[in-house]
Number of protein chains: 2
Amino acid sequence: MATRTDAPTRREQILKEAARLFAERGFHGVGVDEIGAAVGISGPGLYRHFPGKDAMLAELLVGISDSLLTGAKRRLAEADGVRDSGAVLDSLIEGHIDFALDDRPLITLHDRELDRLRDADRKMVRQLQRQYVELWVGVLREVYPALAEPAARSAVHSVFGLLNSTPHLGRPGSLPGRAVTASLLHRMARGAFAAVGEAR
Amino acid sequence: MATRTDAPTRREQILKEAARLFAERGFHGVGVDEIGAAVGISGPGLYRHFPGKDAMLAELLVGISDSLLTGAKRRLAEADGVRDSGAVLDSLIEGHIDFALDDRPLITLHDRELDRLRDADRKMVRQLQRQYVELWVGVLREVYPALAEPAARSAVHSVFGLLNSTPHLGRPGSLPGRAVTASLLHRMARGAFAAVGEAR
DNA sequence: CAGGGCGGTTAGCGGTCGTTAACCTGAAGG
DNA sequence: CCTTCAGGTTAACGACCGCTAACCGCCCTG
C-alpha cells in the first residue's frame, strides 16, 4: 500500500474544508462562497470540480461509510484463521476509534446530514452502514454467543454512539493525550459489550 | 406535583412540532411556513407566539438543558442521606434514559443545533449542560473514588453518547419494547463506567 | 351593545443562496 | 506562434426565506 506523500489535489482540499464547515454549521448553514473562500477561490469556481453543493456532501458521506466498511473488512481478513474473536472485536473497536479521533468532522457529518442526500446516494450510504453494523454484530455474537441478534444490533449502535462522542470531549488540545483517550474509549466499549453479553 | 391533563396550548404545539422538524431536517432546513402548517396555521401566524424562528430553537434548547439538570438535582435530593452512591448513579442513568426514549427529537437537537443560538442563549445552555455533567462526575467519583476527574468527565460525555444513541435504534415500533431497550442501555452504561472505574 | 384585543389571514419586501453565463488567463502541445 | 483547455473570475438570475404590514373576525367584558 503506497502511503500518500504528494500534495493534496484541489478537489481534496475542497472536500476537507467542506467537511469541516458542514460539521460546524450544518449543510444548509454553509454557503458555497464560504467553501470557496476556505480554499482560496471564490464561490462559483467550485463548479469546475463538483456539479453542485449536494455532490460534495454525497461524496463525503459515501466516502466515510465506504472507508469504515473497507477498513473493517480488511481487519476481519487479517484476522482470518485466528480463533480469538475477542481480538477481532478489539481490532474493530481500535479502527473505529482511530477514525473518530482523526476525522472528527466526518464522524459528525456521518450521522447528522444523511437526510440531506438525494435518494440514490442515501440508499447507498445506508447500505454501506448496514453492512458495517452487521459485520460488527457477527463478530460480537462470536464473542458472546448467548447474545440475541436484535440485542446485539442495539448494542452495536449504542457503542457507536459512545465512540462517536469524541467531538464532545473538548478540543484536541484539551484532551489528556490521544493514546489515553483511545484507551479509555476502548475499555468503555468493551465494558459496555460485556455488560450486555455476559450473565444476567 | 400536578400532572398535566389539560390540552396543550398552541405555544406547546408549536414547540413540539418545531422540535420534530428541526431534528428531521436541521434548523436551517425548515421554513417557518412548514412549522406553521404542522400546527394548522400558516407561516407568519407564528409571530403571535414567538418573536422569531431563533426564539423557538432557544426555548427548546434551554428547556431541554434545564429539564435535564432539574431532574438530576431532584433525584440527587431524593437520595439524600442514602449511602449507596451506586443507587444514585442508577437513578441518574434511569432519568437520562427516560428522557432519551421519550423525547428523541429533543435529544437530537440538544447536541446538534447549539451553535445556531445567539451568544447569550448559547452561554446559558452551555452552563446548564456543564452543571449537569459536573453533577454526574461528582456521583461517578463517589462510586469509583480512584477515578481521576478528567477521566471521569470524559467517561460521562461518552456515556451520554451511548444513551443518546436512541434515535439510531430504529423507529419506536421496531424496538424490542421500551423496557427491554431501557434495561439494555442501563446495563451498558454501568458496564462502560465499571470498565473505566475499576482496576486496570 | 360597543369595543378592544387575541389570534389569525394575505401581500409583499429585502436579503441570501445555489447556479448559470460570459469572459479571462497562463501553460502545454503541435 | 497559434490553439486549446483547465481552472479561474465577475455579473446576474430566479427561487426562497424570515419577517413586517395591513387587515379581519371572534369572543370577552363593562
Side-chain angles (χ1 to χ4, degrees), chain A residues 6-62 105 109 112-122, chain B residues 6-62 105 109 112-122:
Chain A
D6 37 326
T9 69
R10 172 75 8 132
R11 260 185 79 90
E12 290 166 334
Q13 284 181 48
I14 294 172
L15 284 176
K16 184 182 164 197
E17 295 301 311
R20 185 179 54 82
L21 289 168
F22 289 160
E24 282 174 8
R25 296 210 282 286
F27 180 66
H28 291 296
V30 181
V32 290
D33 289 354
E34 287 178 272
I35 304 174
V39 296
I41 70 181
S42 225
L46 296 171
Y47 287 76
R48 299 287 163 194
H49 304 276
F50 295 91
K53 191 184 165 193
D54 300 358
M56 300 178 207
L57 182 64
E59 188 158 330
L60 283 171
L61 292 186
V62 173
L109 282 187
R112 187 167 298 195
E113 307 286 357
L114 182 57
D115 297 323
R116 257 57 87 198
L117 255 48
R118 285 174 31 242
D119 274 21
D121 294 321
R122 188 171 56 247
Chain B
D6 37 324
T9 70
R10 175 64 25 121
R11 260 186 79 91
E12 290 167 335
Q13 284 181 47
I14 295 172
L15 284 176
K16 184 183 164 196
E17 294 302 310
R20 185 179 54 81
L21 290 168
F22 289 159
E24 281 174 10
R25 297 211 283 286
F27 179 68
H28 291 296
V30 181
V32 289
D33 289 354
E34 287 178 271
I35 303 174
V39 295
I41 70 181
S42 225
L46 296 171
Y47 288 78
R48 299 287 165 198
H49 304 275
F50 295 92
K53 190 183 164 194
D54 300 358
M56 301 178 206
L57 182 65
E59 188 158 331
L60 283 171
L61 292 186
V62 172
L109 282 186
R112 187 167 300 195
E113 306 286 356
L114 182 58
D115 297 323
R116 257 57 84 198
L117 254 48
R118 284 173 33 242
D119 275 22
D121 294 320
R122 188 171 55 247

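These figures come from a predicted structure and were not determined experimentally. Quick note on labels: first sequence line is chain A, next is B, and so on, each numbered from 1.
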Going 5' to 3' along nucleotides 6-21 of chain C, which nucleotides have protein heavy atoms under 4.0 Å from the base (write B), which only from the sugar-phosphate (write S), and which from neither (write -)?
-> -BBBBB------SBB-
B:Glu113 side chain to B:Phe27 backbone, donor-acceptor under 3.5 Å = yes
Take B:Leu21 and B:Ile35, measure what side-chain contact (heavy atoms from CB on, under 4.5 Å) needs, and give me the verdict at the end.
-> CA-CA 7 Å; B:Leu21 290 168; B:Ile35 303 174; 4.1 Å; yes
Whole-Å distance separating the CD1 atom of A:Ile14 from the C1' atom of D:dA6 = 13 Å
Among pairs that include at least one residue of residues 51-60 of chain A, which meet side-chain hydrogen bond (donor to acceptor under 3.5 Å, both in side chains), considering only residues two or more places apart or in two chains?
-> A:Arg11-A:Glu59
Working for side-chain contact (heavy atoms from CB on, under 4.5 Å), residues B:Arg48 and B:Ile41 = CA-CA 11 Å; B:Arg48 299 287 165 198; B:Ile41 70 181; over 6 Å; no
Here the gap from B:Leu46 atom CG to B:Ile14 atom CD1, rounded to the nearest 0.5 Å, amounts to 5.0 Å
Starting at atom CZ of B:Phe50, determine the distance to atom P of D:dT20, rounded to an integer number of angstrom.
-> 15 Å
